[in-house]
Every structure is written in structure tokens, then in C-alpha cells.
Number of protein chains: 2
Amino acid sequence: MKPDQSIRYRMTKQKRVILDVLKATKTHPTADWVYEKVKKKIPNISLGTVYRNLNILKSQGEIIELCYGKGFSRYDGNASEHYHFTCDSCGKVLDVETPVATGLDEEVTRMMGVKVERHRLEFYGTCGDCSAVHSA
Amino acid sequence: MKPDQSIRYRMTKQKRVILDVLKATKTHPTADWVYEKVKKKIPNISLGTVYRNLNILKSQGEIIELCYGKGFSRYDGNASEHYHFTCDSCGKVLDVETPVATGLDEEVTRMMGVKVERHRLEFYGTCGDCSAVHSA
DNA sequence: CTACCTGCAAACTTTTTGCAGCCCA
DNA sequence: TGGGCTGCAAAAAGTTTGCAGGTAG
């Protein structure tokens, strides 16, 4: 969904709770996980509403949509630019605390004849917990 | 799909053509695009066969599965490590000709107490064609 | 020959959408 | 009050899978 400038978005109870759930977790949950979590506060909320609000929040830049494996997305309530590390062994996703390399954007902009606005950097490997299990 | 070591994969006409199509293009096509392209050489091939072979080729490391927007994958016949630029406006995906920064992996390995084995770097912005349209 | 592979079609998963009524600003 | 928003359910889009016959090695 592209951001639609002609619409004056409202704050509803549903959107508020969805955003709270996303801001409160450090995991990077799927839409369905958010749905289940929100249902504890608003039992009769529908999955369609969750998807609609996730798309609205994304188009407003409040949250980020991440895409790992095929067929489904994950959402990140931390919209500031940062990187991720995914463990190949247990699937855990961690935030990486490395300064964001904005110089890269400029370099690619110059080299490729395009206008780079942002980048996404994902690291993969084995996390500390999983290494410990293997070497133990 | 995980690589299944117990199966002795065969080379069939269908798999051969699918691989040729992927190696021959510089775009990063969807499964459906591959299907349409392969159909010109094997008119009665089925979409299921295309998906099955894409998964086999991926598990053998011959091709790479990329994941952008929700709900569908793209495939890259170039399995060597490299970066991508995606145009927000037209969706085109280009290969970025920047040397791969292996130093990043070591830095994150040291900082986070994890073992980084590889990373994926995706740039986003506006491509030359789309900028031209806007400013014309 | 014997696994593995194919085409077909149905099933499955995730996400979107049409509708009638509701509610935030 | 009116333009968005909701729940519901059906539909869409992408991908997987069961089956019976076909084929590579």
C-alpha cells in the first residue's frame, strides 16, 4: 500500500492497541502473532482489521515491514533505521547495535545512477546460545 | 525446503530450461515470470513443476531465493554473493556492483557475541528511469 | 527397472476486499 | 455529521501437494 495523502487517518482503539503491542515487543512478530496478542485486549477484533492497520501504520512510517522466508511478513515497531541478525539454527531475530552506514547510500547513488534513499542490512549465522549447544 | 541428501536429483528437460532462463536474465524474476518464459519452450509445463524445480535448485545452491514485498518471492540465477537495489516506484531490481564487505561480518561477530556467516544488503530508492519521468 | 519427475487440479496459507453499520474528529 | 473504520466472510494471490502415469540413469 502506498501512503495516501488525501486521507486523514484516525486513531481508533484497535490501531492504538496494535501499535502498543508492536512497540512493547523486541521480537519481530508476524501479523498473526499480533492478532493473537491484540485479541487478549479486544477479543472481537478481526484479522482483517489487524492487516488494515498494519498497512496504514507502515505507510505512515510508524512501523517497518520485514520479509524473511516466503509467504509472510514480520513487523518491527522500531521504525528507526537499524540492522538485524537472524540465527540460522533457531530462527531468532536480534537487533544489531552497529551505527548505520549512510555513506553506503551515497556511494551506490554515485555508482549506479539511481537515488538511494535507504538500505536494509541483514546478518545471518549462529547465535551465542546455539553455538554453546553445539560446542558443549 | 531443506536439501534432502538421500535423494539423487535428476536433470530433466524442465529443470534444464528453468535453470537456463534464470541464468540468462539479469532481472530477478518471480516464479510466475519464469513459468511464462519457460512455457514458450515447453508449452505444456505446469506451474507446480516450476515451483518444485525452483525449490530443488535453491536447495542445491544453484540459485537464490530473494524475498521482497509480502506474498511472493523472486529468484536470482546468480548465486555468488552480491547486493541489490530495488526501485520503490517501479519495483525493478538491479545488481549493485560494490565489493562485498566481509569486514562487517567480523565486526558484528565481535560486537554481538554471535557467529556471522553472511549478510544480505538491499538498497531502496528511485531508479534512473523513474527519476526522469518525475522531473520531465 | 526403479526412483524420481511430470501435468493436473485441489488444497493451503497469507493477505486483501466488499459490505452494512459504527464511531472518531 | 461525514469520512474513515470495524467485523464478517468471501475472494485473491502465491505456493504446495496427492495422484497416476511418464522417464532418466
Side-chain angles (χ1 to χ4, degrees), chain A residues 1-22 28-60 62-75, chain B residues 1-22 28-60 62-75 91 93:
Chain A
M1 184 160 68
K2 304 131 198 162
D4 185 337
Q5 310 291 355
S6 68
I7 291 184
R8 238 173 43 250
Y9 291 116
R10 277 176 202 164
M11 180 51 68
T12 62
K13 186 175 53 166
Q14 288 83 349
K15 189 188 289 183
R16 164 95 277 130
V17 174
I18 289 168
L19 192 50
D20 285 349
V21 164
L22 273 172
H28 303 73
T30 62
D32 205 67
W33 188 94
V34 174
Y35 172 56
E36 292 299 333
K37 198 85 174 176
V38 170
K39 219 160 36 169
K40 289 177 185 165
K41 296 216 173 173
I42 311 176
N44 69 326
I45 195 173
S46 79
L47 186 54
T49 296
V50 171
Y51 274 105
R52 265 184 295 234
N53 278 304
L54 287 173
N55 281 331
I56 290 170
L57 289 167
K58 182 182 57 165
S59 80
Q60 294 179 309
E62 300 255 16
I63 65 175
I64 287 177
E65 180 179 12
L66 300 172
C67 186
Y68 298 103
K70 79 182 53 163
F72 64 94
S73 294
R74 290 167 170 274
Y75 295 86
Chain B
M1 183 158 73
K2 305 131 200 164
D4 185 337
Q5 309 292 356
S6 69
I7 291 185
R8 239 174 41 250
Y9 292 116
R10 276 176 202 166
M11 179 52 68
T12 61
K13 187 175 54 166
Q14 289 83 350
K15 189 190 286 183
R16 165 95 276 129
V17 174
I18 289 169
L19 192 52
D20 285 349
V21 164
L22 272 172
H28 303 73
T30 61
D32 205 66
W33 188 95
V34 174
Y35 171 57
E36 292 299 333
K37 199 86 175 177
V38 170
K39 221 163 33 173
K40 289 176 185 165
K41 297 215 171 173
I42 310 176
N44 69 327
I45 195 174
S46 80
L47 185 53
T49 296
V50 172
Y51 274 106
R52 264 183 295 232
N53 278 304
L54 287 173
N55 281 330
I56 290 171
L57 290 168
K58 182 182 57 163
S59 81
Q60 293 180 308
E62 300 256 13
I63 64 175
I64 287 176
E65 180 180 13
L66 299 171
C67 184
Y68 297 103
K70 73 186 56 165
F72 65 94
S73 294
R74 289 167 171 275
Y75 295 86
V93 179

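Each chain gets a letter, A, B and so on, in the order the sequences are listed, and its residues count up from 1. Model, not experiment: these values are computed from the prediction. Just so it is clear, the values below take in all heavy atoms, side chains as well, and ignore hydrogens, waters and symmetry mates.
Candidate nucleotides dT15(C), dA24(D), dT16(D) were compared by shortest atom distance to the side chain of Tyr51(B), and dT16(D) ranks first. In the set dT15(D), dG7(D), dT16(D), dG7(D) carries the atom at the smallest distance from any side-chain atom of Ile42(A).
Taking side-chain N and O atoms only, Ser73(B) has a distance below 4.0 Å to OP1 or OP2 of dT15(D). Between Thr12(A) and dC23(C) there is no side-chain N or O to OP1 or OP2 distance below 4.0 Å. In this model, the phosphate group of dC23(C) is not approached by any side-chain N or O of Gln14(A) to a distance below 4.0 Å at OP1 or OP2. At the phosphate of dT16(D), OP1 or OP2 sits under 4.0 Å from a side-chain N or O atom of Lys70(A). Proximity of Thr49(A) to the phosphate of dG7(D): a side-chain N or O atom is located under 4.0 Å from OP1 or OP2. Listed pair Asn53(B) / dC5(C) fails the phosphate criterion, with no side-chain N or O lying under 4.0 Å from OP1 or OP2. Phosphate proximity of dC8(D) to Asn44(A): absent, as no side-chain N or O sits under 4.0 Å from OP1 or OP2.
Remark: side-chain polar atoms of Lys41(B) are not paired, donor with acceptor, to backbone N or O of Val17(B) under 3.5 angstrom. Listed for the Arg74(B) side chain is a donor-acceptor partner under 3.5 Å among the backbone atoms of His28(B).
Rounded to an integer number of Å, the gap from Lys13(B) NZ to dT6(C) C1' is 10 Å. We find that CD1 of Ile45(A) is positioned 14 Å from P of dC5(D), with the value rounded to whole Å. One atom, CZ of Arg16(B), and another, C1' of dC5(C), lie 16 Å apart when rounded to the nearest Å.
Within a 6.0 Å sphere centred on NZ of Lys37(A), other residues, nucleotides and ligands contribute 12 heavy atoms or fewer.
At a threshold of 4.5 Å between non-hydrogen side-chain atoms, the residues Cys67(B) and Phe72(A) do not count as touching.
Checking Gly48(A) against Asp32(B), the closest nucleotide of DNA chain D that is more toward the 5' end is the one next to Gly48(A). Residues Met11(B) and Leu47(B) both approach DNA chain C. Their nearest nucleotides, taken by heavy-atom distance, put Met11(B) toward the 5′ side.
If you check distances only, the side chain of Arg10(B) does reach the base of dC4(C) with a donor-acceptor pair under 3.5 Å. With hydrogens and angles ignored, a donor-acceptor pair closer than 3.5 Å exists between the side chain of Arg52(B) and the base of dG18(D).
Using modelled atom types and a 3.5 Å distance limit, the side chains of Ser73(B) and Glu65(B) yield a donor-acceptor pair.
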